[in-house]
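Here is the structure we will look at, set down as structure tokens.
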Amino acid sequence: MDSSNSNEIVHEFSPFFRIYRNGKVERITADTETVPPSDDPLTGVQTKDTVVSQENSLSVRLFIPKITDPTQKLPLLIYIHGGAFCIESPFSSLYHNYLTDLVHNANVIAVSVQYRRAPEHPLPAAYDDSWAAIQWVASHVNGEGSESWLNGHADFDRTFLAGDSAGANIAHNMAVRAGTTNGLNGVKIVGVVLAHPFFGNNEPDTFSPVIEFIFPSVRIYDDPRINPAGAGGAELASLGCARVLIFEQSLLTNRQV
């Protein structure tokens with residue numbers, strides 16, 4: 001390869017990422033600071049990371065509040081981060097600090113999902129990874145999973161899905177999948193919390209070029225994963241829960257990605 005052209009930008013989707021001719025992906029807008037799992041001295045919340053799938057580099061960060069009763073069962077929150085399907089992670093300071101505060105104040109156990117991101121892994125990889133993580137959580141229902149915090153303290157009859165932005169889109173689609181499959185036996189999804197969810201319609205917008213690039217296998221605005229109101233909104237009747245709470249503004253930032 002001609003080295004003089006290797007740093008030429010061949011695709012730019014500001015403010016999210018750019019791709020160079022040599023294949024390098026540069027994320028433009030991202031919280032690049034990562035925070036290791038820890039015991040938070042202010043709240044007593046403990047965190048740790050667990051690999052769900054070596055094959056897909058799928059992992060989760062678990063959060064548990066201070067436990068005073070070893071037999072106590074707590075509601076379970078499965079959280080999916082936002083970032084236009086291509087930036088951010090559960091390990092960024094933004095999401096780590098947010099989930100730490102949420103777990104402390106709500107007194108819940110949280111599982112924050114690190115899905116594979118576009119553009120290196122085009123959609124539907126993020127959907128597939130998130131579903132695999134939820135199935136992994138469900139494997140703990142009988143107290144025989146690999147993660148002791150879930151075995152000992154998660155109340156699977158009080159499970160909630162949540163996410164912001166693109167993560168809210170994924171959370172919604174996970175609720176639909178839960179309502180149309182039998183893959184979560186023993187897990188009751190009580191509700192879904194969607195903070196400024198990303199959805200599209202039949203009208204192109206400023207994000208359309210990005211989503212078309214990272215989801216090349218479908219006609220995106222005909223796909224119910226992007227446009228749940230399409231085809232008469234038939235999939236909306238398949239939600240695997242009875243309650244949905246929607247915020248028009250992100251819980252974290254004012255970004256709309």
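A donor-acceptor pair is defined here as one N or O able to donate and one able to accept, closer than 3.5 Å; such a pair exists between the side chain of E147 and the backbone of W149. One N or O on the side chain of S92 and one on the backbone of S89 form a donor-acceptor pair closer than 3.5 Å. Side-chain atoms of H153 come within 3.5 Å of backbone atoms of Q72 as a donor-acceptor pair (strictly under, hydrogens ignored). No donor-acceptor pair closer than 3.5 Å links the side chain of N142 to the backbone N or O of E144. Not a single donor-acceptor pair under 3.5 Å links the side chain of Y115 to the backbone N or O of W131. Judged by distance alone, with hydrogens and angles left aside, the side-chain atoms of D155 form no donor-acceptor pair with the main-chain N or O of K73 at under 3.5 Å. A donor-acceptor pair is defined here as one N or O able to donate and one able to accept, closer than 3.5 Å; such a pair exists between the side chain of D164 and the backbone of G82.
Residues A171 and L161 come closest through the heavy atom pair O-CD1, 3.8 Å. Between A118 and R27, the shortest heavy-atom contact is O-NH2, 3.0 Å. For A168 against L194, the heavy-atom pair with the smallest separation is O-CD2, 3.3 Å. Smallest separation of non-hydrogen atoms from A110 and V103: CB-CG2, 3.5 Å. In terms of heavy atoms, P216 sits closest to L123 at CD-O, 4.5 Å. When all heavy atoms of V45 and P65 are compared, the closest pair comes out as CG2-CA, 4.2 Å.
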Test side chain to side chain contact (heavy atoms under 4.5 Å, CB included) on I189 and L239 and set out the steps.
CA-CA 10 Å; I189 299 176; L239 282 173; over 6 Å; no
Run the numbers on V193 and F247 for side chain to side chain contact (heavy atoms under 4.5 Å, CB included), then give the verdict.
CA-CA 8 Å; V193 180; F247 290 88; 3.9 Å; yes
Set out, in order, the CA-CA distance, both residues' side-chain angles and the distance that settles side chain to side chain contact (heavy atoms under 4.5 Å, CB included) for V218 and R225, then state yes or no.
CA-CA 10 Å; V218 300; R225 288 168 290 190; 3.8 Å; yes
Applying side chain to side chain contact (heavy atoms under 4.5 Å, CB included), run through F17 and I87 and close with a yes or a no.
CA-CA 8 Å; F17 63 87; I87 59 176; 5.8 Å; no
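Within the 4.5 Å cutoff, the side chain of V113 has heavy atoms near those of the L58 side chain. Between F85 and F215, every side-chain heavy-atom pair lies at or beyond the 4.5 Å cut-off. At a threshold of 4.5 Å between non-hydrogen side-chain atoms, the residues I78 and V137 count as touching. Between N7 and N22, the closest side-chain pair of non-hydrogen atoms falls below 4.5 Å. Taking 4.5 Å as the limit, some side-chain heavy atom of S38 sits within range of a side-chain heavy atom of H96. Side-chain contact between T43 and F63 is absent, with no heavy atoms from C-beta onward closer than 4.5 Å. At least one side-chain heavy atom of L74 sits under 4.5 Å from a side-chain heavy atom of I67. Inter-residue side-chain proximity for L77 and L99 is flagged as met; some heavy-atom pair is nearer than 4.5 Å.
S208 and D205 share a side-chain donor-acceptor pair at under 3.5 Å.
Interatomic distance, D39 CG to K48 NZ, rounded to the nearest 0.5 Å: 10.5 Å. Note: L184 CG to S139 OG = 11.0 Å, rounded to the nearest 0.5 Å. One finds the CD1 atom of I170 at 11.0 Å from the CZ atom of F198 (value rounded to the nearest 0.5 Å). Atom CG of L76 sits about 10.5 Å away from atom CZ of R158, to the nearest 0.5 Å. Put simply, OG1 on T50 and CG on L62 are 5.0 Å apart, with the number rounded to the nearest 0.5 Å. Taking CD of E88 as the start and CZ of R117 as the end, the distance is 8.0 Å to the nearest 0.5 Å.
Using cut-offs of 30° and 60° on the angle between ring planes, the pair F207 and F16 is perpendicular.
The ring-ring contact (aromatic ring centres under 6.0 Å, His included) search around F213 returns H11, F13, not counting sequence neighbours. Under the salt bridge (Lys or Arg N to Asp or Glu O under 4.0 Å) criterion, E26 pairs with R18, not counting sequence neighbours. For H140, the ring-ring contact (aromatic ring centres under 6.0 Å, His included) partners two or more places apart in sequence, or in a different chain, are W136.
The hydrophobic cluster containing V210 also contains V10, counting ILVMFWY residues as joined when their side-chain heavy atoms lie under 4.5 angstrom apart, directly or transitively. Linking Ile, Leu, Val, Met, Phe, Trp and Tyr residues whenever their side-chain heavy atoms come within less than 4.5 Å leaves L102 and V35 in two separate clusters.
A 6.0 Å sphere centred on NZ of K66 holds no more than 12 heavy atoms belonging to other residues, nucleotides or ligands.
In summary, D128 and R177 engage in a salt bridge, as defined by a charged side-chain N under 4.0 Å from a carboxylate O.
With a 4.5 Å cut-off between side-chain heavy atoms of Ile, Leu, Val, Met, Phe, Trp and Tyr, the cluster of Y20 takes in I9. F91 belongs to no multi-residue hydrophobic cluster, having no ILVMFWY side-chain contact under 4.5 Å with any other such residue.
Applying the salt bridge (charged side-chain N to carboxylate O under 4.0 Å, His left out) test to every pair with at least one member in residues 89-116, sequence neighbours left out, gives these pairs: R116-D129.
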